[in-house]
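Data first, discussion second: the structure below is written as structure tokens.
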Protein chains: 2
Amino acid sequence: MDGGPGRPTLRDVARLAGVSIATASKALNNQPQVRAETRAKVLRAAEQLSFSPNTLAQALITQRTGTVGLLTSDLEGRFSIPILMGAEDAFGTGRTSVFLCDARGDNVRERHHLNALLSRRVDGLIVVGARPDARPSLGRDLPVPVIYAYSPSEDPADLSLVTDNVGGGRLAVDHLIRHGRRRIAHITGDPTYGAAHDRARGALDRLAEEGLELAGGQVWFGSWSEAWGRGATRMLLERDPDIDAVFAGSDEIARGVLDVLHQEKLAIPRQVAVIGFDNWNILAANARPPLSTVDMNLEALGRLAAQRLFAAIDGTLGSGIETIGCRLITRESTAPLD
Amino acid sequence: MDGGPGRPTLRDVARLAGVSIATASKALNNQPQVRAETRAKVLRAAEQLSFSPNTLAQALITQRTGTVGLLTSDLEGRFSIPILMGAEDAFGTGRTSVFLCDARGDNVRERHHLNALLSRRVDGLIVVGARPDARPSLGRDLPVPVIYAYSPSEDPADLSLVTDNVGGGRLAVDHLIRHGRRRIAHITGDPTYGAAHDRARGALDRLAEEGLELAGGQVWFGSWSEAWGRGATRMLLERDPDIDAVFAGSDEIARGVLDVLHQEKLAIPRQVAVIGFDNWNILAANARPPLSTVDMNLEALGRLAAQRLFAAIDGTLGSGIETIGCRLITRESTAPLD
DNA sequence: TACGTTTTCGAAAACCTTTTCGGTCGGCTG
DNA sequence: CAGCCGACCGAAAAGGTTTTCGAAAACGTA
């Protein structure tokens, strides 16, 4: 009936419409060299067979698959997902599809996935890391453009898109200062993370501009956990009971801070304001009180990555590190001192 | 040098090895009809050109792309991700790649993605929904097998894989009972979710078997939020101050429960045990004390979906609803009464 | 040497589409 | 009527691979 057991092909459409394969193709692709009447015939036939063109064959000719690879190191990580969504979003509207590959932080698996993606002739790659520190480059002589998101590449010849952690730290402290806070402490996470130091630096810079010193006598490095937030807050209060604000390096830590402040019967935000980092909704929005925090704009980063890649696919790729600014989210855990 | 500007093709390999394209293909694919010496020559040539076969062309012939589509309705949703990871995991080892598509809960976008995936000639589809209630089928006459994960299809002719919420509720209450708790309350989420009722039913069933009644006089339905967990706990304590355990319908709710129990100076787990649902690590593991909870085995569900799909690709697909059991995670928020 | 058998290799078709280029047909001008 | 032009259509090549089938080579046997 339709020419065989498989899916209908352009040949079937052409036969049904009573034209040649070439004209059928032209009709479906809005080429000008076909009469309106003929085009209608073809379209009707295609509709009738519910024909959908074989993208593989198209790609074979046009040398463009309309696919990109998304190589993530850590899917469960909360940072890959928004980036991935942003990228999917930016592509989704067009005719590009995304191959998702999770390397699970394993180098050989990453290599394996990379080869598979190249075999599939993806038009480009986005590599999103698990943590904001630099990672090894995939190499300089890949046949497709590559964009590194979140984790920059170690090779400055690559193009990397990262969040502005220094600016984020500055943003948080600026917000506290504007609300009249003067005795601001900073509790943050794992000191092996560059991001922890960057955020701290931004915070200290802004304090210095105001002629303020960090309350608590130091930046409290530890781990990115609620438990550390609790522990550090206890130590902090012991050492310096008079703080009026805490900048936490992550929302998890902030939750720990809130917990201990409640235990100590300190009113939030009246006596102590708290601000977090990440805008991890489930933690921040549901906190008691809801947590002000710094959002890294990861979806925007993902979208930008997609756009840059898109531009690079026909054209040439830039290099270096491009920084995306953070955004302040104010909720009830910070408020002006009255 | 390598025969042109583009990537090396089989033709280039053949030329370099001094054989025909056909033999080159056979050599690379371990076909038996080629002399060992010739095969070595070809392999060396391929290596030298760092040749990787064009999967598109292969797919065109073999009528199998080695790709599957993962159609999710809600990427940011915490339930899609583990399933997605499980599926990626099960496929990743082989030679299948995954197209990720997020419909954002929008029907026309879903249709759009579906068409794109079919155009790309995916070998199969996994559809993962945003909530555990039934969703419309994609249709019966798709040219590839489809598996519904998490959200079952409304059409019983489709194959759906879901979590056993009744069993999960039973598991939670059973755990509490075994630890000597008798006055068990249940606070859960949005009553428009079938899962909320299923979990409650499992809980009530197990209580009935023991001749126990639900403490608090009712199942407390509300919303899947920490705030509701707090509010419900306050009402519950007012009505029935003597509870010795709370089964929360989600970890978020459980966090709210813990919060209020702490405020009321009730010792956990000595006076009141708390168990959650979801095993959402960031909430459960970091709670004070760490939260016992029920894990839905979503990665396993994803893996199973991949396996079922794989089996269906060559073979025929089953139908109906297949249920995956839950798993108890015990942490410190539950302990035997002494 | 003649012949049969096994092994090894290559030519060509097939997969499905796009695109170029040449051809047909109608109508128009001189 | 001859010639030309524009509009429309089809044959065929191309893209990279797999696979079938026939041909050639190598080998053993009579």
Side-chain angles (χ1 to χ4, degrees), chain A residues 2-43 45-46 49-66 95 118-123 143, chain B residues 2-43 45-46 49-66 95 118-123 143:
Chain A
D2 55 342
R7 317 257 270 274
T9 88
L10 194 54
R11 165 196 240 89
D12 300 320
V13 176
R15 185 156 36 205
L16 181 60
V19 300
S20 77
I21 298 187
T23 5
S25 170
K26 281 179 270 194
L28 293 175
N29 295 339
N30 286 326
Q31 298 282 110
Q33 338 140 356
V34 47
R35 203 170 24 162
E37 184 186 346
T38 317
R39 183 189 312 281
K41 250 191 328 191
V42 172
L43 288 178
L49 298 176
S50 67
F51 166 78
S52 86
N54 186 327
T55 316
L56 303 167
Q58 292 180 323
L60 205 51
I61 295 188
T62 61
Q63 303 283 48
R64 188 145 307 177
T65 54
R95 15 198 24 61
L118 292 180
S119 252
R120 297 200 182 281
R121 296 300 187 264
V122 291
D123 295 332
Chain B
D2 56 342
R7 317 257 269 273
T9 86
L10 194 54
R11 166 196 239 87
D12 300 319
V13 175
R15 185 156 37 207
L16 181 59
V19 299
S20 79
I21 299 188
T23 15
S25 169
K26 282 179 271 194
L28 293 175
N29 295 340
N30 287 326
Q31 299 282 110
Q33 339 139 354
V34 47
R35 202 168 27 158
E37 184 186 348
T38 317
R39 184 190 311 280
K41 251 192 327 192
V42 173
L43 289 178
L49 297 176
S50 68
F51 166 79
S52 85
N54 187 327
T55 316
L56 303 167
Q58 292 180 322
L60 205 52
I61 296 188
T62 60
Q63 303 282 49
R64 188 146 306 176
T65 54
R95 12 201 22 62
L118 292 180
S119 252
R120 296 201 183 281
R121 297 299 187 264
V122 292
D123 295 331

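What you see is a predicted model; the values in this text were computed from it and never measured. Each chain gets a letter, A, B and so on, in the order its sequence line appears, and its residues count up from 1.
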query: Donor-acceptor pair, A/Thr23 side chain versus A/Val19 backbone, under 3.5 Å?
result: no
task: May I ask you to decide if B/Ser20's main-chain N or O and B/Arg15's side chain share a donor-acceptor pair within less than 3.5 Å?
output: no
message: A/Leu10: which residues meet the side-chain contact (heavy atoms from CB on, under 4.5 Å) condition with it, sequence neighbours left out?
response: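 For A/Leu10 the side-chain contact (heavy atoms from CB on, under 4.5 Å) partners, ignoring immediate neighbours, are A/Ile21, A/Ala24, A/Ser25, A/Leu28, A/Phe51.
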task: Spell out protein contact along nucleotides 16-24 of chain D as letters: B when the base is contacted, S when just the sugar-phosphate is, - when no protein heavy atom is under 4.0 Å; keep the 5' to 3' order.
output: BBBBB----
message: If I take atom CG from residue B/Leu60 and atom CZ from residue B/Arg121, how far apart are they, to the nearest 0.5 angstrom?
response: 10.0 Å
field: Point-to-point distance, once rounded to the nearest 0.5 Å, from CZ of B/Arg120 to OG1 of A/Thr55
entry: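 Atom-to-atom, B/Arg120:CZ and A/Thr55:OG1 are 5.0 Å apart.
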message: Angle between the two end axes of the helix from C/dT1-D/dA30 to C/dG30-D/dC1, five base pairs per end, rounded to 10 degrees?
response: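 Inter-axis angle at the ends, rounded: 70°.
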Residues that A/Asn54 engages under side-chain hydrogen bond (donor to acceptor under 3.5 Å, both in side chains), provided they are two or more places apart: none
Atom-to-atom span, CG of A/Asp12 to P of C/dT17 - whole angstrom: 9 Å
message: According to salt bridge (charged side-chain N to carboxylate O under 4.0 Å, His left out), who are the partners of B/Arg64, at least two apart in sequence or on a separate chain?
response: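 Expected list: B/Asp314.
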Listed pairs under 3.5 Å, donor-acceptor, residues 32-43 of chain B side chains, sequence neighbours left out:
unit_1  : atom_1 : unit_2  : atom_2 : d
B/Gln33 : OE1    : B/Lys26 : NZ     : 3.4
B/Arg39 : NH1    : B/Ala27 : O      : 3.1
B/Arg39 : NH2    : B/Gln31 : O      : 2.9

